[in-house]
Participant: 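The following block contains the structure, expressed as structure tokens.
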Protein chains: 2
Amino acid sequence: MYKYQVISEELKKKFTDGSFQPGAVLPDQEQLAAEFGTTRMTIRKAIQSLIVEGVVYTKRGSGTFLRKDFASKRDSFAPLLNKPLGATKNYAGREVTSKIWELDARLPTTEEQDRLVIGPEEPVYVIRRTRYIDGKTYAYEHTIMPTKIATITRKVVASSIYQYLAEEAGIRIAGAHRKVYAIKATAEDIEGLGATIGDPVLMIDQVGYTDEGEPFEYSVTHLPYLTNAVVADVEIR
Amino acid sequence: MYKYQVISEELKKKFTDGSFQPGAVLPDQEQLAAEFGTTRMTIRKAIQSLIVEGVVYTKRGSGTFLRKDFASKRDSFAPLLNKPLGATKNYAGREVTSKIWELDARLPTTEEQDRLVIGPEEPVYVIRRTRYIDGKTYAYEHTIMPTKIATITRKVVASSIYQYLAEEAGIRIAGAHRKVYAIKATAEDIEGLGATIGDPVLMIDQVGYTDEGEPFEYSVTHLPYLTNAVVADVEIR
DNA sequence: GAGTGGTCTAGACCACTAG
DNA sequence: TAGTGGTCTAGACCACTCC
């Protein structure tokens, strides 16, 4: 763990334990640098990551401030567009289960080759499953993943693919390109989500990248309407 | 314009004019620093912003690479979830027009008070308009904005509210909290988007913040399905 | 004008990849 | 082992806010 990560964690602890009121101004960067025995550049890296997480914001000429709505409303049932979509991690403490519709391998379509930047002879897994949180239908997922990334078993698919990739296969998810659509329920949605024909469905089309910039999954997630939405917190520079 | 921004633009130019093949490795950072007459730290900032934009990726120990799917990725008609939703700026060079359904002021509902963190006696504007890009229906917007933020005229609403806020009223948009839903077309959508009853509609619910962390608008944007989606590029740390 | 965050320099050392 | 990107230092100057 790098120094700036340690400092960022340390600061977050201070915010949650009440050392700072929401909206309060932090000590200036020079002071923080002295306090943590480092330089301003390193403090700035730590603060930068807190900005991205939506914990603090800075105002040139004024200071660094703890967000007023820092502690408040986190949505409990919505995937966060600025985080991995994996349900297991985002809904820790809840019962996440899966029904597996398909786990297979085949050669990729041209569309899939394109999205994953692989050749026509590189086999991919096809994974289709419905996910439930606390027994309630949460999402229907259709995932394509090159087999060279990791070996996927039925057991992994039944629990958490992302967790397996991170902890067992050493894959670090670094980013994703996502597109969100509203569509009419397909036959798969009627089966996978219990949707009614003609119902709106929220569809998230995503290509996930590893920290090496390599696409490792192309997935389409369907969320039932009325009971679900996606959330994005945005920092504009 | 800062040096790292100039360098980042300069590099992007080189990528589009074919000096580098997709997937090609860039000169190492030391070399780029010499070439641009600067230090590695500044080159790194330039590269960092290219990473966020999804143009290049780095591999420690190996080099910096131009994404293979660099050219293919641009969507021309989708709002970017990591940017302001304002059409005028995102679609510069295209003809953005508006039809105004309503421009009025009244006292806020409790829901609106809540979202904007204002009192019941602080008046708000109510703005409803349909937006067109190159004559094509793009979105239907319903915006609530405290009148204390700025004076809004019909002329402003007809062109660009965001641009007016930024350039005339000195408001800097620093971030937003957004929620994206799939819903069934409402009566407003049938009027405002020309949607058919029962059609899916993509709805973006957003509270925008100024650089002081103050909510300045609560808006709901409806996008017609089939012709539109939203895009999010995510960097996960 | 004093104080803040943002950029930039010129180095050093560390972590990682590949031949 | 050579070469790459990632972190970190110890400063300097600039842009901006607020009194």
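Values below: all heavy atoms of this structure, side chains included; hydrogens, waters and symmetry mates excluded. Lettering of chains follows the sequences in order, A, B, ..., and the numbering in each one begins at 1.
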Participant: May I ask you to check whether over 12 heavy atoms, not counting those of A/Q21, lie within 6.0 Å of atom CD?
Facilitator: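 No, CD of A/Q21 has 12 or fewer neighbouring heavy atoms, counting only those of other groups under 6.0 Å.
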
Participant: Check whether any side-chain heavy atom of A/K3 sits under 4.5 Å from a side-chain heavy atom of A/I7, and report yes or no.
Facilitator: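 In short, these two side chains touch, coming nearer than 4.5 Å.
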
Participant: Ignoring backbone atoms, test whether B/R44 places a side-chain nitrogen or oxygen under 4.0 Å from the OP1 or OP2 oxygen of D/dG6.
Facilitator: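 Looking at the OP1 and OP2 atoms of D/dG6, one of them is under 4.0 Å from a side-chain N or O of B/R44.
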
Participant: Looking only at heavy atoms, which two atoms of B/S8 and B/L50 are closest? And how far apart?
Facilitator: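 Minimum heavy-atom separation between B/S8 and B/L50: OG-CD2, 3.7 Å.
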
Participant: How long is the line joining CZ of B/F36 and C1' of C/dT7, in whole Å?
Facilitator: 17 Å

Participant: For A/R40 and D/dC13, what is the distance between atoms CZ and C1' respectively, to the nearest whole Å?
Facilitator: 11 Å

Participant: Once the angle between the rings of B/F20 and B/F15 is folded into 0 to 90°, is it parallel (under 30°), tilted (30 to 60°) or perpendicular (over 60°)?
Facilitator: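 Perpendicular: the ring planes of B/F20 and B/F15 meet at over 60°.
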
Participant: DNA chain C in dot-bracket, Watson-Crick or G-U pairs under 3.5 Å, [ ] crossing, | other strand?
Facilitator: ||||||||||||||||||.

Participant: Counting only side-chain heavy atoms from C-beta out, which of C/dG6, C/dA10, D/dC8 sits nearest to B/T39?
Facilitator: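 Selected nucleotide (nearest to the side chain): C/dA10.
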
Participant: Closest heavy-atom contact between A/S159 and A/S98?
Facilitator: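 The pair with the smallest heavy-atom distance is O-OG, 4.3 Å.
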
Participant: Figure out the CD1/P separation between B/I43 and D/dT7, and round it to whole Å.
Facilitator: 17 Å

Participant: With A/S219, which of A/I161, A/V207, A/T143 fulfils side chain to side chain contact (heavy atoms under 4.5 Å, CB included)?
Facilitator: A/T143

Participant: Would you kindly give the CD-to-P distance between A/E30 and D/dC13, to the nearest whole Å?
Facilitator: 14 Å

Participant: If you assign each of A/Y2 and A/M41 to its closest nucleotide in DNA chain C, which residue comes earlier from the 5' end?
Facilitator: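 Result: A/M41.
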
Participant: Distance check needed: C/dT7 P versus B/I7 CD1, whole Å only.
Facilitator: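 Going from CD1 in B/I7 over to P in C/dT7 covers 13 Å.
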
Participant: Check the side chains of B/E111 and B/Y218 for a donor-acceptor pair under 3.5 angstrom, ignoring hydrogens and angles.
Facilitator: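 Indeed, the side chains of B/Y218 and B/E111 share at least one donor-acceptor pair under 3.5 Å.
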
Participant: Are A/E122 and A/Q113 close enough that a side-chain donor and a side-chain acceptor fall under 3.5 Å?
Facilitator: no

Participant: Could you state the CD-C1' distance from B/Q48 to D/dT7, rounded to the nearest angstrom?
Facilitator: 13 Å

Participant: Within a strict 4.5 Å, meaning less than it, do heavy atoms of the A/R40 and A/R44 side chains meet?
Facilitator: yes

Participant: Answer yes or no: does a side-chain N or O of A/T42 lie under 4.0 Å from OP1 or OP2 of D/dT7?
Facilitator: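 So the side chain of A/T42 is outside the cut-off, no N or O lying under 4.0 Å from OP1 or OP2 of D/dT7.
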
Participant: To the nearest Å, give me how far apart CG (B/L26) and C1' (D/dT4) are.
Facilitator: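 Spelled out: CG on B/L26 to C1' on D/dT4 is 13 Å.
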
Participant: Are there any protein N/O atoms within less than 3.5 Å of an N/O atom in nucleotides 1-4 of chain C, and if so, which ones and at what distance?
Facilitator:
residue: C/dG3; atom: N2; partner: A/G61; partner atom: O; Å: 3.0
residue: C/dT4; atom: OP1; partner: A/D28; partner atom: OD2; Å: 3.3
residue: C/dT4; atom: O2; partner: A/G61; partner atom: N; Å: 3.2

Participant: Starting at CZ of A/F65 and ending at P of C/dG5, how long is that distance when rounded to a whole Å?
Facilitator: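 The distance from CZ of A/F65 to P of C/dG5 comes to 8 Å, rounded to the nearest Å.
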
Participant: Please confirm whether the shortest side-chain N or O distance from B/K45 to OP1 or OP2 of C/dG6 is below 4.0 Å.
Facilitator: no

